[in-house]
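To keep things clear, I will list the structure first and then write my remarks on it.
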Amino acid sequence: MTFIPTEKIASGTITNLILYLAIIGALLFVATILRLKVPFLKKAFIPASLIAGIIGLILGPYVLKVFPADMRSSFSAMPTPLIVIVFACMMLGRKSNMSKEALVSSAPSIVQCYTYSFVQVALTCLLVGLIFTPLWGTNPLFGSVIEIGFEGGHGTAGGMSEVFKELGWEAGTSVSQTTATIGLLAGVFGGVILINIGVKKKWTNKTARLRDGFYPCQCHAYRSCRRHGSKVSGKKRCVYSADDWSRCHRPGTSGSRLLRKRH
């Protein structure tokens with residue numbers, strides 16, 4: 001038994017693959033332009049991939065029928081190999097920092113990760129094993145679809161399709177894709193709501209804080225600031241306290257004009 005495929009790849013197959021990838025690239029290009037030009041899509045942080053998928057769905061066999069059904073089935077086969085490329089490239093170029101400061105700053109992320117894993121994996125499996133399967137005969141593999149859809153996503157759901165087929169639950173692919181869609185929408189719109197709440201409560205100011213408790217500003221008008229002259233580092237950089245930073249960068253205010261008025 002060998003894991004190396006022996007089937008001959010026809011030239012027409014390669015041509016179709018290149019054509020399909022070009023179509024996907026065109027859809028992503030159009031979706032990116034729409035995301036930049038349409039205010040709602042920009043403010044809501046709607047991913048370009050989601051917009052491209054909606055455009056492809058409209059052009060597909062169920063609405064405008066520009067894309068035939070065979071092309072749709074070819075698109076559905078791509079997530080399995082492409083998800084390998086996604087995970088293989090995730091950590092390229094990242095340097096590992098094992099300092100004490102890095103470990104302390106990563107502690108909240110570790111707690112968050114374990115909390116998500118418990119809710120999406122352990123809690124779901126307990127509900128399936130103790131309630132869903134005994135009472136309603138739910139397939140035990142249902143316990144994995146929440147984690148695949150939410151923590152994973154559409155790519156992971158597509159990559160798990162062969163596993164579900166081998167384990168005798170082909171419906172798991174559709175269920176995982178559905179949970180991935182729900183997770184994406186909840187993450188996008190729910191995330192925007194949390195961001196707006198954080199901005200109003202000034203939680204976002206903490207993300208830009210330096211080690212000495214001050215904030216950097218690249219505004220050219222600040223380079224000759226006298227009040228914070230001791231904090232100047234370089235010709236075009238002046239570091240301000242959190243109070244000055246929030247005043248100068250509030251929406252609709254020109255930082256340069258505000259500085260000249262205050263100094």
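Just so you know, these numbers use all the heavy atoms, side chains as well, and skip hydrogens, waters and symmetry mates. Nothing here was measured: the structure is a model prediction, and the numbers come from that model.
Tracing side-chain contacts under 4.5 Å through hydrophobic residues (I, L, V, M, F, W, Y), one reaches V63 starting from L59; they form part of the same cluster. Under a hydrophobic clustering in which Ile, Leu, Val, Met, Phe, Trp and Tyr are joined whenever their side-chain heavy atoms come within less than 4.5 Å, directly or via other members, L185 and L194 fall into different clusters. Follow the hydrophobic side-chain contacts under 4.5 Å out from L28 and you reach I51 in the same cluster. Hydrophobic clustering (side-chain heavy atoms under 4.5 Å, transitive across Ile, Leu, Val, Met, Phe, Trp, Tyr) groups I58 together with F40. Cluster membership check: M78 does not share its hydrophobic cluster with I148, using side-chain heavy-atom separations under 4.5 Å among Ile, Leu, Val, Met, Phe, Trp and Tyr.
Rounded to the nearest 0.5 Å, atoms CD1 (I54) and CG (L27) are 12.0 Å apart. Note: L50 CG to I55 CD1 = 10.0 Å, rounded to the nearest 0.5 Å. Here CZ of F75 is found 4.5 Å from CD1 of I24. Values are rounded to the nearest 0.5 Å. With rounding to the nearest 0.5 angstrom, the CD atom of E151 is 12.0 Å from the OG1 atom of T179. Summarising the geometry, atom CD1 belonging to I14 is positioned 13.5 Å from atom CG belonging to L19; distances are rounded to the nearest 0.5 Å. In this structure, the separation between CG on N16 and CG on L21 is 11.0 Å, given to the nearest 0.5 Å.
Between the S176 side chain and the V145 main chain, no donor and acceptor come within less than 3.5 Å of each other. Of the possible polar contacts, none joining the R72 side chain to the F67 backbone as a donor-acceptor pair under 3.5 Å is found. Side-chain atoms of T178 come within 3.5 Å of backbone N or O of S174 as a donor-acceptor pair.
Residues A48 and R35 share a closest heavy-atom pair of N-CD, 4.0 Å. Taking every heavy atom of both residues into account, Q177 and G158 meet most closely at NE2-N, 3.6 Å. Summarising the geometry of T173 relative to F164, their closest heavy-atom pair is N-CD1, 3.6 Å, with the distance given to 0.1 Å. The two residues A52 and A31 come nearest to each other via the heavy atoms N-CB, 3.5 Å.
For S117, there are no side chain to side chain donor-acceptor pair (under 3.5 Å) partners two or more places apart in sequence or in a different chain. Residues passing the side chain to side chain donor-acceptor pair (under 3.5 Å) test with Q112, sequence neighbours excluded: Y116. A search for ring-ring contact (aromatic ring centres under 6.0 Å, His included) contacts involving Y62 returns nothing, not counting sequence neighbours.
Looking at heavy atoms from C-beta onward, I46 lies out of side-chain contact with V38 at the 4.5 angstrom threshold. The side-chain heavy atoms of V188 and L184, taken from C-beta on, include a pair separated by under 4.5 Å. Considering only heavy atoms from C-beta on, H154 comes within 4.5 Å of T181 through its side chain.
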